[in-house]
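Reckoned from all heavy atoms, side chains included, excluding hydrogens, waters and symmetry mates. Every number for a ligand or one of its atoms is a count from 1 in the order of the listing.
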Amino acid sequence: MVNENQARRLVVLGTGGTIAGRATQPNDNVGYVAGQVAVSDLVAMVPALATCALDIEQVAQINSKDMVLGVWQALVRRVASHLDRREVAGIVITHGTDTIEETAFLLQTLLKPSKPVVLTCAMRPATALVPDGPQNLSDAVAVALHPQACGVVVVCAGRIHGALDVSKVHPYRTDPFDSGDTGALGCVEEGQLRMFRPWPPGVSQGTHDDAGLQRLLGASSLPRVELVFSHAGVDGELVRALLEQSSSKAGPLRGIVVAGTGNGTVHEDLLVALKEAQVRGVDVVVASRCAQGRVVPHAGQPLPDSAGLSPVKARLALALQLLEA
Ligand code: ASP
């Protein structure tokens, strides 16, 4: 019988992104088309992976800005199924950088895997003069094979980020992620891991949110949760328009996440409309639009806060919560 620590087979799942992008000129790092190169070809670009026992699957081939529920469902289904295989030590997912933090959050929330699920990516297409994808993929494999690794992480530019903390903070540089106040979990240096913090607590129990998983897999759409910003000069008209309009695909508005200023403060005119939304049964949550830190809860705050989640993660968390209702 193979136990988890002895298992050494890895699964590599491809979903597209810049790491699989193709440009017409090798010196073009921005005018490329994402999601073109097969994940098997990406693996073949890393000679060191030739000696690893790998199962390779193309789950999707998209630009991650276009992420949709159907792709998430296909990915979650494949990840959950491979995690259940005793001989599988871990899973590597190639993904676009643009929504990688949302996919990582989704997988961590639903699966809390005791094995590592490592998302990786690139900022330069596969055809670039100096592509960053092969090194990131090689580092991701090193993380997925580490005997202590667990939970969902993002590996890019030699750093390992936890799924709950990571955000994309830069549109161009090859190290575009940040984990805010907590910092990265660790780094990968010449294939060796140097950890700054323990692997995320609790994940080693391997608890699966089976009910949540089944609800997501069975959903034809996620409950409609919109994201609005509080900013200078904002009024409540966008929120009122949302309340009046029912989307043919996702149905009526169920929730709003407001990216508030500073410590989750909201313009007084927008707040009036958000209170109207609450009266009409819409769940409203406030996150901070600041790139770092979290809303510090305090007595008398007018709206519930996102418990430290960024606006995009809070939106997904609320949609998953409303899926239960
Ligand atoms: N620009 C994106 C990336 O860096 C494309 C995507 O997210 O798929 O991967």
Side-chain angles (χ1 to χ4, degrees), residues 12-46 56-76 78-79 91-108 117-141 143-144 152-161 163 165-179 184 188 222 227 291 310-313 315-316:
V12 183
L13 303 176
T15 69
T18 297
I19 190 169
R22 212 177 254 138
T24 50
Q25 301 298 324
N27 60 354
D28 186 354
N29 289 324
V30 290
Y32 58 86
V33 181
Q36 299 294 302
V37 180
V39 64
S40 52
D41 292 339
L42 299 181
V43 168
M45 287 168 80
V46 186
I56 304 170
E57 271 178 40
Q58 191 79 51
V59 174
Q61 190 60 293
I62 63 164
N63 184 321
S64 81
K65 75 178 175 58
D66 300 324
M67 183 56 71
V68 288
L69 177 63
V71 174
W72 270 345
Q73 287 170 321
L75 183 62
V76 168
R78 295 314 294 145
V79 171
I91 298 177
V92 171
I93 302 170
T94 57
H95 196 290
T97 56
D98 289 345
T99 58
I100 202 170
E101 68 208 64
E102 292 167 68
T103 299
F105 178 78
L106 178 79
L107 292 171
Q108 177 64 22
V117 174
V118 185
L119 291 106
T120 194
C121 52
M123 289 298 284
R124 295 178 182 158
T127 51
L129 212 49
V130 186
D132 51 335
Q135 184 65 55
N136 288 341
L137 184 54
S138 176
D139 289 349
V141 166
V143 174
V152 180
V153 297
V154 172
V155 169
C156 183
R159 297 204 292 161
I160 309 165
H161 298 272
D165 301 316
V166 66
S167 299
K168 185 173 178 181
V169 296
H170 201 283
Y172 183 73
R173 68 186 186 209
T174 52
D175 186 3
F177 296 108
D178 192 74
S179 285
V188 189
L222 281 177
L227 186 51
S310 67
V312 290
K313 288 179 186 170
R315 194 201 76 82
L316 188 49

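Smallest separation of non-hydrogen atoms from Gln61 and Gly35: CG-O, 3.0 Å. For the pair Pro134 and Met45, the tightest heavy-atom approach, listed with the atom from each and the gap, is CG-CE, 4.0 Å. Contact record, Pro176 with Cys156: CD-SG, 3.8 Å, taken as the closest heavy-atom pair. Closest of all the heavy-atom pairs between Val39 and Gln58 is N-OE1, 2.8 Å.
The pair Arg78-Glu57 meets the salt-bridge criterion, with a side-chain N (NZ, NE, NH1 or NH2) lying under 4.0 Å from an Asp/Glu carboxylate O.
Tyr32 and Thr18 share a donor-acceptor pair across their side chains, judged by distance under 3.5 Å alone.
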Pairs under 3.5 Å, nitrogen or oxygen of ligand 1 with protein nitrogen or oxygen:
unit_1: ligand 1; atom_1: 1 (N); unit_2: Thr18; atom_2: OG1; d: 3.2
unit_1: ligand 1; atom_1: 1 (N); unit_2: Tyr32; atom_2: OH; d: 3.2
unit_1: ligand 1; atom_1: 1 (N); unit_2: Asp98; atom_2: OD2; d: 3.3
unit_1: ligand 1; atom_1: 4 (O); unit_2: Thr18; atom_2: OG1; d: 2.9
unit_1: ligand 1; atom_1: 4 (O); unit_2: Thr97; atom_2: OG1; d: 2.4
unit_1: ligand 1; atom_1: 4 (O); unit_2: Ala122; atom_2: O; d: 3.4
unit_1: ligand 1; atom_1: 7 (O); unit_2: Ser64; atom_2: OG; d: 2.5
unit_1: ligand 1; atom_1: 7 (O); unit_2: Thr97; atom_2: N; d: 3.3
unit_1: ligand 1; atom_1: 7 (O); unit_2: Asp98; atom_2: N; d: 3.0
unit_1: ligand 1; atom_1: 7 (O); unit_2: Asp98; atom_2: OD2; d: 3.4
unit_1: ligand 1; atom_1: 8 (O); unit_2: Asn63; atom_2: OD1; d: 3.2
unit_1: ligand 1; atom_1: 8 (O); unit_2: Ser64; atom_2: N; d: 2.5
unit_1: ligand 1; atom_1: 8 (O); unit_2: Ser64; atom_2: OG; d: 3.4
unit_1: ligand 1; atom_1: 9 (O); unit_2: Thr18; atom_2: N; d: 3.0
unit_1: ligand 1; atom_1: 9 (O); unit_2: Thr18; atom_2: OG1; d: 2.8
unit_1: ligand 1; atom_1: 9 (O); unit_2: Thr97; atom_2: N; d: 2.8

